[in-house]
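Input: a single structure, listed below in structure tokens.
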Amino acid sequence: QRRVHGGRGFEIAQGRLGPGRIHHCMRLIGLTERCLGLAVHRAQNRVTFGSPIIQHGSVVQWIADSRIELDQARLLVLTAAAMIDKMGAKGAKKEIAMIKIAVPNMAQRVIDRCIQIYGAKGVCQDTILPFAWVGARGLRIADGPDEVHRLTVVKEEVVYQRTLSKL
């Protein structure tokens, strides 16, 4: 028994993309969290100039910035998920587009810092770090270009601002 009318396949497929991309973002946040955990452990145990590198100013900044960016991205994904639950994927277009930009970019930045903390070992195949970075970069391609998602954000923002101006 057919559940939908013929000719609506593309529409149905597009409707599934929002929840699927949230799943990609959640997985990428988990992977980035793992990389940050490895970097913190490495920074606590790697000693240069007589002290663990976690005491060096740049490493402190990298870890702090990474935690902040990771938590910001996580909250944005949770907001998008709540919007999907409340309004459906179409009603959460802006939030979905925002996470498709924010999460892979955040992951690349954070994982890059983690690689820097590891030093040369961070780019060899002894850690998951290079694979994680490539995965984050690949997701930016798989989920479509950031420029297209930015256009969606702007279009939805214009609608939102028009709504506000009518109040």
Side-chain angles (χ1 to χ4, degrees), residues 1-40 61-117 122-123 127-167:
Q1 179 182 17
R2 283 176 61 165
R3 295 177 186 235
V4 296
H5 300 289
R8 293 195 50 219
F10 181 75
E11 177 187 345
I12 293 165
Q14 287 295 106
R16 297 286 305 145
L17 287 177
R21 290 190 173 137
I22 282 211
H23 176 77
H24 290 308
C25 290
M26 289 187 292
R27 288 180 53 214
L28 192 51
I29 285 172
L31 179 61
T32 306
E33 188 75 55
R34 173 79 173 117
C35 292
L36 183 57
L38 291 171
V40 168
Q61 181 178 339
W62 295 338
I63 291 171
D65 289 349
S66 295
R67 168 51 54 205
I68 292 164
E69 291 176 27
L70 189 51
D71 286 352
Q72 287 173 333
R74 179 180 286 115
L75 289 170
L76 195 57
V77 170
L78 290 171
T79 299
M83 290 294 289
I84 288 176
D85 285 347
K86 184 178 177 182
M87 304 177 71
K90 283 186 178 182
K93 278 193 298 190
K94 180 175 74 171
E95 290 76 13
I96 293 168
M98 289 191 307
I99 66 170
K100 288 189 276 186
I101 297 166
V103 173
N105 281 286
M106 170 280 302
Q108 278 192 276
R109 285 189 308 274
V110 170
I111 296 167
D112 186 71
R113 290 182 198 124
C114 295
I115 290 170
Q116 192 69 24
I117 289 168
V123 293
T127 71
I128 65 166
L129 298 175
F131 303 105
W133 190 91
V134 168
R137 184 63 182 103
L139 193 56
R140 288 183 59 206
I141 295 166
D143 271 347
D146 292 352
E147 294 76 13
V148 171
H149 302 311
R150 282 187 176 94
L151 185 59
T152 300
V153 171
V154 169
K155 286 179 180 178
E156 293 300 312
E157 185 64 21
V158 167
V159 170
Y160 176 71
Q161 292 299 327
R162 269 193 215 131
T163 305
L164 285 180
S165 69
K166 292 179 182 177
L167 296 178

Would you compute the distance between atom [atom1] of [X] and atom [atom2] of [Y] and round it to the nearest 0.5 angstrom?
X	Y	atom1	atom2	answer
I68	I63	CD1	CD1	12.0 Å
T163	Q161	OG1	CD	9.0 Å
R150	T152	CZ	OG1	11.5 Å
K94	M98	NZ	CE	5.5 Å
C25	L78	SG	CG	11.5 Å
L28	N105	CG	CG	10.0 Å

Between H24 (side chain) and A142 (backbone), is there a donor-acceptor pair under 3.5 Å? no
Would you mind telling me which of L139, I141, V134 makes a side-chain contact (heavy atoms from CB on, under 4.5 Å) with R137? I141
Between [X] and [Y], what is the shortest heavy-atom contact and its length?
X	Y	result
C114	A39	SG-CB, 3.6 Å
W133	I115	CB-CD1, 4.2 Å
H149	A97	O-CB, 3.6 Å
L129	I111	O-CG2, 3.6 Å
A81	I22	N-CD1, 3.6 Å
G122	P130	O-CD, 3.3 Å

What verdict does the side chain to side chain contact (heavy atoms under 4.5 Å, CB included) test give for I128 and L31, after you've listed the backbone C-alpha separation in whole Å, the side-chain angles of each residue and the deciding distance to 0.1 Å? CA-CA 9 Å; I128 65 166; L31 179 61; 4.0 Å; yes
Assess the residue pair I84 and I96 against the criterion (side chain to side chain contact (heavy atoms under 4.5 Å, CB included)); give the C-alpha distance rounded to whole Å, side-chain angles, the decisive distance to 0.1 Å, and a yes or no. CA-CA 9 Å; I84 288 176; I96 293 168; 3.7 Å; yes
Sub-4.5 Å side-chain heavy-atom contact between [X] and [Y]:
X	Y	result
T127	L38	no
V103	L76	no
I99	T79	no

All pairs passing side-chain hydrogen bond (donor to acceptor under 3.5 Å, both in side chains) where residues 61-71 contributes a residue, at least two apart: E33-R67, S66-R113, R67-D71, E69-R109, E69-R113, D71-R74
Counting only heavy atoms not in R140 (residues, nucleotides, ligands), do more than 12 fall under 6.0 Å from its CZ? yes
